[in-house]
Amino acid sequence: DLKRIVSTRKKSVVAKTFNKIGIVVPISRNDVGYRPLTMTYSELDRMLTKCCETENEDEKDKILGPFDECINYIQFANDECDYGMGFEMGMCVFSHTTSRNFMGTISSLLPLSYELLGRSLYSKIMKKICEVEEAQT
C-alpha cells in the first residue's frame, strides 16, 4: 500500500531538504546520526545563487564563507558518526538550480555520505553522475 509506505517514510524524515522529499538516516538511541546544518535553507539558497551571479573570485570567497564553515562542521559531524549532516548538505546543493557550479563539493559530500550510511550502490551512482557532470562543464 503506497499511502502506508509514504506515511511511514514521512515519519522517518530528519530534514526536509530543498526538494522537500527529505532525508532519512538512522538515529541511535543517544541521538547520534544527524545534526542540523548551521544555516537555514533560505540562507543556503541565497548564498549559492549569489555566488553564481558574481564573477569576482574574492567576492565569491566572501559569499561562501559560511558555506565553507559548514563544510568544516560536516567533517566534525562525520568523525562523530552524525553522517546525516553531510548527506543533507549534499542533497540540498545537488538539488539546487546552480548545482552544476558546485559539482566538486557535491562529489566530495554525497558519495562519502552514502558510504558512511552503508548505501554503497548510491555512492557509486553519485560518483558516476558527478564524473559525467564535471566532464560536461
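Residues Asp45 and Phe18 are in side-chain contact: their nearest non-hydrogen atoms beyond the backbone lie under 4.5 Å apart.
A continuous path of ILVMFWY side-chain contacts below 4.5 Å connects Ile27 to Ile23, so both sit in one hydrophobic cluster. Both Phe94 and Ile125 belong to a single network of hydrophobic side chains, linked directly or stepwise wherever heavy atoms of I, L, V, M, F, W or Y lie under 4.5 Å apart.
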Evaluate the side-chain contact (heavy atoms from CB on, under 4.5 Å) criterion for residues Ser95 and Thr17: first the C-alpha distance (whole Å), next the side-chain angles of each, then the deciding distance (0.1 Å), finally the verdict.
CA-CA 9 Å; Ser95 65; Thr17 66; 5.5 Å; no
What's the verdict on salt bridge (charged side-chain N to carboxylate O under 4.0 Å, His left out) for Lys62 and Glu59, showing C-alpha distance, side-chain angles and the deciding distance?
CA-CA 5 Å; Lys62 186 177 176 183; Glu59 186 65 25; 5.0 Å; no
Hey, mind stepping through Leu44 and Cys92 against side-chain contact (heavy atoms from CB on, under 4.5 Å) and telling me if it holds?
CA-CA 9 Å; Leu44 180 58; Cys92 284; 3.9 Å; yes
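Glu53 and Lys50 are not joined by a salt bridge, as no carboxylate oxygen comes within less than 4.0 angstrom of a charged side-chain nitrogen.
Under the side-chain contact (heavy atoms from CB on, under 4.5 Å) criterion, Thr40 pairs with Ser42, Glu43, not counting sequence neighbours. With sequence neighbours excluded, the residues that form a side-chain contact (heavy atoms from CB on, under 4.5 Å) with Val132 are Gln136.
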Pairs under 3.5 angstrom only: tabulate donor-acceptor contacts from the side chains of residues 114-121 to other protein residues two or more places apart or in another chain.
| residue | atom | partner | partner atom | Å |
| --- | --- | --- | --- | --- |
| Glu115 | OE1 | Ser120 | OG | 3.3 |
| Glu115 | OE2 | Ser123 | OG | 3.3 |
| Arg119 | NH1 | Val24 | O | 3.3 |
| Arg119 | NH2 | Val24 | O | 2.7 |

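Residue Tyr73 places its OH atom among 12 or fewer non-hydrogen atoms of other residues, nucleotides or ligands, all under 6.0 Å distant.
The one candidate from Lys3, Arg4, Lys10, Arg9 that meets the side chain to side chain contact (heavy atoms under 4.5 Å, CB included) condition with Val6 is Lys10.
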